[in-house]
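Okay, so here's the structure we're looking at.
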Amino acid sequence: METSDLHVHILPFDYYRDRPAPGMGLARTASLIAECRKETPNTLLFDNGDFLQGNPVGDYMVHRWAMAPRTPHPMIAAMNALSYDAATLGNHEFNYGVDFLEASLADAGFPLVCANAALGLGATALDDRTMLPPYVLLDREVTDGAGGTWPLRIGVIGFLPPQVTHWDRAHLEGRIVTRDIVGAARAWVPRMRAEGADIVVALVHSGIGADAEDQENVAIPLARVPGIDALLTGHTHQVFPSPVFEGLEGVDVARGTICGKPAVMPGFWGSHLGVIDLALSRTGTGWRIGATRSRAIPIADRREDGSARSLVSSDDRLLRLARPAHLATRDFMRRTVGASAGPLHSYFALVGDCAALQIVCDAQAAHVAAALEGTEHAHLPVLSAAAPFKAGGRGGPRNYTDIPAGGLVLRHVADLYAFPNAIRAVRATGADVAEWLELSARAFRHIPAAPGDHDLIEPDFPSYNFDVIGGLTY
């Protein structure tokens with residue numbers, strides 16, 4: 001079983017709108033976990049990363065940690081309560097810095113693995129000083145169909161996008177370095193097999209994308225690495241198996257396989273539980289994998305109006321466990337920070353001027369202009385790029401910012417800008433800016449000179465890549 005991209009969503013609650021949200025939350029996914037454990041005595045539960053950052057609970061815990069460093073993180077406590085067998089890191093684990101990450105992981109009651117993030121690189125991947133153990137060997141007793149028990153050694157290896165050192169350079173420069181995922185796998189998987197791993201499961205915080213080993217989403221080339229038996233993927237917040245991946249070379253949606261190996265991706269925020277079933281048989285030389293089945297089980301479906309309808313109830317243990325952090329976060333996010341004379345929303349952010357983006361651009365420009373005073377760059381014009389983080393897309397028809405006119409509280413600010421990104425000023429040429437805008441224009445489709453209606457927006461283009469640049473007319 002797999003969860004991925006939970007982003008601190010323990011409870012089914014939207015902290016930006018301050019109201020329940022039945023289509024999200026590990027508390028609901030936990031009910032599916034319990035059902036799977038009832039179905040078979042042989043289960044393993046893994047998380048694929050991006051669990052410490054992503055909603056106001058995560059932001060509040062950093063605020064609280066600054067004053068009380070030994071406060072256990074509610075996300076780790078929830079995962080302990082569900083008895084996870086192992087987990088790997090995602091790129092967003094580093095958003096609050098390495099010190100906060102290490103303090104949070106210190107309370108984990110399960111092993112964390114990552115084979116391609118290191119404190120220092122050696123001559124080969126096997127010589128790296130990895131930040132976490134690259135893999136773990138789990139020795140389990142499994143029950144066969146006749147009721148007999150057998151020892152099984154499961155090797156679990158983890159990977160994160162190597163681009164994290166660029167995305168979180170402010171936190172990681174001089175502390176963490178990375179290797180490419182496929183290269184690290186080719187080095188470590190044979191060692192896992194040599195140490196007796198009967199089965200090797202890859203927890204790869206990477207999506208199913210172009211078949212190129214140097215890219216961000218490398219599930220396809222990783223599946224070709226000999227010795228890996230199953231892939232638990234994530235990062236792109238998509239669901240696999242699903243029709244989204246039809247026609248992609250090496251991917252069999254009907255069988256739920258990548259290059260012949262079972263794989264799964266469970267959406268985001270606890271929306272699905274990823275499940276891979278492996279039928280094992282004992283041979284004279286070890287274990288053999290026969291039939292496999294991959295599925296992503298949803299916790300909710302959609303009504304005709306786009307609202308979520310829960311298919312499972314929440315786990316009472318997680319409700320009780322998360323309640324203190326939940327209440328404290330709601331109080332924290334209700335702090336008054338200002339006022340707006342007009343509404344701030346992102347409904348038309350991809351097709352016209354957007355006040356919700358303008359306020360972010362203005363704030364960034366003011367901050368950078370003040371920082372440049374008295375420097376050699378003070379004479380340069382300051383442009384400001386911002387993107388709509390909530391503009392429909394994979395988040396669904398309710399994934400928009402909608403702040404009414406009037407008083408602004410902290411949750412409104414978090415809704416406008418949901419990520420703890422570090423502000424950066426870069427010196428750019430006019431040609432750089434033109435290319436920047438061309439990349440943003442990938443959000444639009446080419447409209448054919450033909451009668452009838454045609455979609456303008458490319459549905460697979462993430463809105464967070466649609467940069468609007470304030471300070472220009474274009």
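Computed from a predicted structure; not experimentally measured. What you see below is based on every heavy atom in this structure, not just the backbone, and it leaves out hydrogens, waters and symmetry mates.
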- Item | Derivation and outcome, side chain to side chain donor-acceptor pair (under 3.5 Å), residues Asp5 and Trp269 | CA-CA 6 Å; Asp5 299 278; Trp269 301 354; over 6 Å; no
- Check step by step if ring-ring contact (aromatic ring centres under 6.0 Å, His included) holds for Phe268 and His9. CA-CA 9 Å; Phe268 61 101; His9 287 86; 8.3 Å; no
- Message: For a ring-ring contact (aromatic ring centres under 6.0 Å, His included) check, start with the C-alpha distance between His7 and His237, then their side-chain angles and the critical distance, and finish with the verdict.
- Response: CA-CA 11 Å; His7 289 287; His237 290 203; 5.1 Å; yes
- Item | Worked verdict on Leu408 versus Thr336 for side-chain contact (heavy atoms from CB on, under 4.5 Å) | CA-CA 6 Å; Leu408 294 175; Thr336 300; over 6 Å; no
- Step by step, work out the side-chain contact (heavy atoms from CB on, under 4.5 Å) result for His377 and Arg427. CA-CA 9 Å; His377 308 294; Arg427 184 163 178 155; 3.4 Å; yes
- Item | Pair Phe159-His205, ring-ring contact (aromatic ring centres under 6.0 Å, His included): steps then yes or no | CA-CA 6 Å; Phe159 307 96; His205 193 82; over 10 Å; no
- Message: Let's go through Tyr84 and Asn80 carefully: what are the C-alpha distance in whole Å and the side-chain angles of both, what is the deciding distance for side chain to side chain donor-acceptor pair (under 3.5 Å) to 0.1 Å, and is it a yes or a no?
- Response: CA-CA 6 Å; Tyr84 274 76; Asn80 286 340; over 6 Å; no
- Task: Verify side-chain contact (heavy atoms from CB on, under 4.5 Å) between Leu437 and Ile469, making sure each step is shown before the conclusion.
- Result: CA-CA 8 Å; Leu437 294 173; Ile469 301 183; 3.7 Å; yes
- Message: Please evaluate residues Leu132 and Leu89 with respect to the criterion side-chain contact (heavy atoms from CB on, under 4.5 Å), reporting the C-alpha separation (whole Å), side-chain torsions for both, the decisive distance (0.1 Å), and the verdict.
- Response: CA-CA 9 Å; Leu132 296 171; Leu89 303 179; 3.5 Å; yes
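The closest side-chain donor-acceptor pair between Asp47 and Thr3 falls under 3.5 angstrom.
Separation of atoms OG1 (Thr329) and CZ (Phe13) is listed at 10.0 Å; rounding is to 0.5 Å. One distance of note links CG of Asp59 with CD of Gln53; it measures 7.0 Å at 0.5 Å rounding. The structure places OH of Tyr417 at 10.5 Å from CG of Leu357, a figure rounded to the nearest 0.5 Å. Atom CD in Glu2 sits 13.0 Å away from atom CG in Leu44 (nearest 0.5 Å). To the nearest 0.5 Å, the span separating CG on Leu11 from CG on Leu26 amounts to 9.5 Å. Here OG1 of Thr88 is found 7.5 Å from CG of Leu112. Values are rounded to the nearest 0.5 Å.
With His92 contributing its side chain and Gly54 its backbone, the two residues share no donor-acceptor pair below 3.5 Å. Between the side chain of Arg334 and the backbone N or O of Asp331, no donor-acceptor pair lies under 3.5 Å. Between the side chain of His412 and the main chain of Val409, a donor-acceptor pair closer than 3.5 Å is present. In terms of modelled atom types and a separation under 3.5 Å, the side chain of Asn217 and the main chain of Gly209 share no donor-acceptor contact. The backbone N or O of Asp432 lies less than 3.5 Å from no partner atom in the side chain of Glu435, so there is not a single donor-acceptor pair. In this structure, the side chain of Ser206 engages the main chain of Glu216 through a donor-acceptor pair within 3.5 Å. Using modelled atom types, no side-chain atom of Ser384 and backbone atom of Asp362 make a donor-acceptor pair closer than 3.5 Å. A donor-acceptor contact shorter than 3.5 Å links the side chain of Asp180 to the backbone of Gly183. In this structure, the side chain of Gln238 does not engage the main chain of Val244 through any donor-acceptor pair within 3.5 Å. Of the possible donor and acceptor atoms, one in the side chain of Asn55 sits under 3.5 Å from a partner among the backbone N and O of Val57.
A salt bridge links Asp455 with Arg445; the closest basic N to acidic carboxylate O contact falls under 4.0 Å.
Contact annotation: the side chain of Leu160 never approaches that of Asn91 to less than 4.5 Å [non-hydrogen atoms, C-beta and beyond]. Contact annotation: the side chain of Ser313 approaches that of Ser31 to within less than 4.5 Å [non-hydrogen atoms, C-beta and beyond]. Looking only at side-chain heavy atoms (C-beta outward), Arg309 and Arg302 stay at 4.5 Å or farther from each other. Two residues are said to be in side-chain contact when any heavy atoms from C-beta on lie closer than 4.5 Å; Ile181 and Pro162 meet this criterion. Contact annotation: the side chain of Arg330 approaches that of Asp18 to within less than 4.5 Å [non-hydrogen atoms, C-beta and beyond]. When side chains are defined from C-beta on, Asp50 counts as touching Glu93, because their heavy atoms get closer than 4.5 Å. No side-chain heavy atom of Asn116 sits under 4.5 Å from any side-chain heavy atom of Met131. Between Leu311 and Pro298, the closest side-chain pair of non-hydrogen atoms falls below 4.5 Å.
The nearest pair of heavy atoms linking Gly234 to Asn48 is N-ND2, 3.2 Å. Taking all atoms of both residues into account, the shortest heavy-atom contact from Thr233 to Pro266 is O-CD, 3.6 Å. Shortest non-hydrogen contact noted between Ala405 and Ala341 is CB-O, 3.6 Å. His272 and Gly267 make their closest contact through ND1-CA, 4.4 Å (heavy atoms, listed as atom of the first residue, atom of the second, distance). Looking at every heavy atom in both residues, Phe51 comes nearest to Ile76 through CE1-CD1, 3.9 Å. Closest of all the heavy-atom pairs between Ile297 and Leu32 is O-CD1, 3.5 Å.
For the ring-ring contact (aromatic ring centres under 6.0 Å, His included) criterion with Phe389, the lone passing option out of Phe466, Tyr16, Phe419 is Phe419. The side chain to side chain donor-acceptor pair (under 3.5 Å) test with Asp415 is passed by exactly one of Lys390, His345, Arg17: Lys390.
Under the 30°/60° scheme for interplanar angles, the aromatic rings of Tyr96 and Phe100 are found to stand perpendicular.
Counting non-hydrogen atoms of neighbouring residues, nucleotides and ligands closer than 6.0 angstrom, the CH2 atom of Trp436 reaches no more than 12 such neighbours. Annotation: His454, atom NE2; neighbour count of heavy atoms from other residues, nucleotides and ligands within 6.0 Å is above 12. With a 6.0 Å radius and a threshold of 12 heavy atoms from other residues, nucleotides or ligands, Arg175 has its CZ atom above the threshold.
Residues passing the side-chain contact (heavy atoms from CB on, under 4.5 Å) test with Ser307 are Arg303, Asp305, Arg398, sequence neighbours excluded. With sequence neighbours left out, Asp353 forms a salt bridge (Lys or Arg N to Asp or Glu O under 4.0 Å) with no residue at all.
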